There are 4 protein chains.
Amino acid sequence: MSIDFDILPSDPVPIYRQIVDQVRRRVASGGLAAGDELPSVRALAQAHAINPMTVSKAYSLLEAEGLLERRRGMGMCVAAVRSARSASQRLALLEPALQAAAQQARELGLSAEQAQQLFTHCLARAGLPSGPDQEEP
Amino acid sequence: MSIDFDILPSDPVPIYRQIVDQVRRRVASGGLAAGDELPSVRALAQAHAINPMTVSKAYSLLEAEGLLERRRGMGMCVAAVRSARSASQRLALLEPALQAAAQQARELGLSAEQAQQLFTHCLARAGLPSGPDQEEP
Amino acid sequence: MSIDFDILPSDPVPIYRQIVDQVRRRVASGGLAAGDELPSVRALAQAHAINPMTVSKAYSLLEAEGLLERRRGMGMCVAAVRSARSASQRLALLEPALQAAAQQARELGLSAEQAQQLFTHCLARAGLPSGPDQEEP
Amino acid sequence: MSIDFDILPSDPVPIYRQIVDQVRRRVASGGLAAGDELPSVRALAQAHAINPMTVSKAYSLLEAEGLLERRRGMGMCVAAVRSARSASQRLALLEPALQAAAQQARELGLSAEQAQQLFTHCLARAGLPSGPDQEEP
DNA sequence: GTGGTCTAGACCACT
DNA sequence: GTGGTCTAGACCACG
């Protein structure tokens, strides 16, 4: 399968949102390229034991967003437009999360060094590559 | 006023949760010390144009948590118990946000260096002190 | 009620789409101004004997589009941005329908005069004002 | 080739319907006369990169309607019966599109003059003859 | 096979 | 009161 989602039904963020977010980021990173097929609604629903309507809702939102294209009778694929983005654009997508974390760190009375050190730990645990950059389009 | 909240009604996180989280962090950091008064429900509600019920819900949760104490007729204040926490405890409160950001960075195909650099920028913008630590109790 | 929809369940265009289209046009025309409240999901559903989910779907699409804003616990209202549009922008919204009609007329071997005459008849029947313009923002 | 279709796979109206509608109108106008041959299913499918089943479905509907005739081993042709229609009948086929456009214009708060002017522009761009009528049978 | 639409009902979250 | 989410099942349209 071209993409395997991480779905956590117990997560506070709704399932359909988990799908939407993951597709957005993978398209931005180039992990999903223009023309790539997505798993069918039914297949994805069955694979994660969720309702097809939930998957359909996620796909519909992504289509309205212009990220996915519906090919009638043939499933959905990544739209030609809006495929992989530059590193700076991808960083812009990451910024809100880090901005919120920075504010939390401030409210917690932590120093910048303490927060940076913890983030480095989290990045290592998440298994990010340590090169200066990656797969630049 | 002893504390000024950052309330963003358009934020996806509910208003009452924004209040609760900010009080938690400031108590943990010592920014709010035992005995400090909080703005009254109606004052806080009016200042941010939100529903008094929303503020009341946040305060009630914090009271149930033991962080705030209700003094009849005199508003609420920070409870004596459970005041400032150690640096490691405060770091533990920050970790979830950074963990989520790290996963987003991975899905975006960014390198650890890129993410760290952006976080440093966010920390500087948020105005964190750069010393190795701060106001340790 | 601030707005009354024309819902035709038997129409080939889906119900949720009828709602979306009508809100779009009324916002563009200024019939719905920024800040105006919309009927609640349940109220609209009951008034037209349709499922609340159907209404909710329409509202969600309009919110994703930026036309409506959700005020938590207080229903939805027209967003401040993207309120009434200029006459030329509204004409642009009408153009696709007329473009399609023009192509049909050509394929039907009709003359421009015949098509124009029929359109004039339709406009009169729809009850349009005949002034050179209307409620320019 | 006796007819060249305008097929837009991304159009909301289904492909088979685009074919059916275009044949109907061109037969009504006389652009397709009794006995005229239509492109073969596989030729039309290949020319527009669509599924042969889709073309076949359209042709079958038109055959059931009596507009086309299947000649064994020789493709399809326009049936003798039901060839070109009178101008008033053709206008009746155009009316629904114009009726819908008129309602949209009303909801957009446009004046009749504005809508008529835009329609005139669309007709000119579509290349309609401006004579009072055309090729009346 | 594909996705789309609608229904019905339940439960949750926010104000 | 408000909207959001998810489930279950049915039916349709398209290729």
Side-chain angles (χ1 to χ4, degrees), chain A residues 7 9-19 37-45 48-60 62-64 68-77, chain B residues 9 11-20 45 49-58 61, chain C residues 7 9-19 37-45 48-60 62-64 68-77, chain D residues 9 11-19 45 48-58 61:
Chain A
I7 305 296
S10 62
D11 194 293
V13 31
I15 297 173
Y16 85 95
R17 202 62 158 75
Q18 296 182 39
I19 298 174
E37 289 188 0
L38 275 85
S40 80
V41 168
R42 293 166 172 82
L44 188 51
H48 293 85
I50 57 180
N51 193 302
M53 283 277 297
T54 305
V55 180
S56 180
K57 179 175 182 178
Y59 280 7
S60 295
L62 288 164
E63 186 204 6
L68 298 186
E69 275 178 355
R70 179 181 33 185
R71 295 173 307 169
R72 276 186 293 222
M74 301 172 61
M76 311 201 63
C77 70
Chain B
D11 194 289
V13 30
I15 297 172
Y16 86 97
R17 203 60 157 75
Q18 296 182 38
I19 298 174
V20 167
I50 57 179
N51 196 314
M53 293 275 292
T54 306
V55 181
S56 179
K57 177 175 181 177
L61 285 174
Chain C
I7 305 296
S10 62
D11 194 294
V13 30
I15 296 173
Y16 85 95
R17 202 64 160 75
Q18 296 182 38
I19 298 174
E37 289 188 1
L38 275 85
S40 79
V41 167
R42 293 166 171 82
L44 188 51
H48 293 86
I50 57 180
N51 193 301
M53 284 276 297
T54 305
V55 181
S56 180
K57 178 176 182 177
Y59 280 7
S60 296
L62 288 163
E63 187 205 6
L68 299 186
E69 275 178 353
R70 179 181 34 185
R71 295 173 306 170
R72 277 184 296 217
M74 301 171 60
M76 311 202 63
C77 70
Chain D
D11 195 288
V13 29
I15 296 172
Y16 87 96
R17 202 60 157 76
Q18 295 182 38
I19 299 174
H48 293 84
I50 57 179
N51 196 314
M53 294 274 292
T54 307
V55 181
S56 180
K57 178 175 181 178
L61 285 174

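Just so it is clear, the structure is predicted and the values come from calculations on it, not from any experiment. So that the names make sense, note that chain A is the first sequence line, chain B the second, and so on, each numbered from 1.
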Side-chain donor-acceptor distances from residues 50-58 of chain D under 3.5 Å, at least two apart:
| from | atom 1 | to | atom 2 | distance (Å) |
| --- | --- | --- | --- | --- |
| N51(D) | OD1 | M53(D) | N | 2.9 |
| T54(D) | OG1 | N51(D) | O | 3.4 |

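- Residue contacts for K57(B): at a heavy-atom cut-off of 4.0 Å it reaches a base atom on one of the strands shown.
- Remark on DNA chain F: of its neighbouring residues I50(A) and M76(C), the 5'-side contact belongs to M76(C), judged by nearest-heavy-atom nucleotide.
- Rounding to the nearest 0.5 angstrom, the gap separating the CD atom in E37(A) from the CE atom in M74(A) is 7.0 Å.
- When each of I15(C) and V13(B) is assigned the nucleotide of DNA chain E with its nearest heavy atom, I15(C) is the one assigned upstream, toward the 5' end.
- Nucleotides of DNA chain F lying under 4.0 Å from heavy atoms of chain C occupy a range whose first and last members, 5' to 3', are dG1(F) to dC6(F).
- A distance of 8.0 Å separates CG in L68(C) from SG in C77(C), rounded to the nearest 0.5 Å.
- The side-chain heavy atoms of Y16(A) and S60(A), taken from C-beta on, include no pair separated by under 4.5 Å.
- Between R72(C) and M53(C), it is R72(C) whose nearest contact on DNA chain F lies nearer the 5' terminus.
- Side chains of L62(A) and M76(A) form no contact here, defined as non-hydrogen atoms less than 4.5 Å apart.
- Atom CD1 of I19(C) and atom CD1 of I7(C) lie 4.5 Å apart (nearest 0.5 Å).
- For the pair Y59(C)/P39(C), a side-chain contact is recorded, criterion being any heavy-atom separation below 4.5 Å from C-beta on.
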For DNA chain E, just give me the dot-bracket, please: Watson-Crick or G-U, both distances below 3.5 Å, ( ) intra-strand, [ ] crossing earlier pairs, | paired with another strand, . unpaired. ||||||||||||||.
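- Along DNA chain E, the nucleotide nearest to N51(B) and the one nearest to P14(C) differ in position, and the one closer to the 5' end is contacted by P14(C).
- Across all strands shown, R71(C) has no heavy atoms under 4.0 Å from either base or sugar-phosphate atoms.
- Here the shortest heavy-atom pairing between D11(B) and R72(C) reads O-NH1, 3.1 Å.
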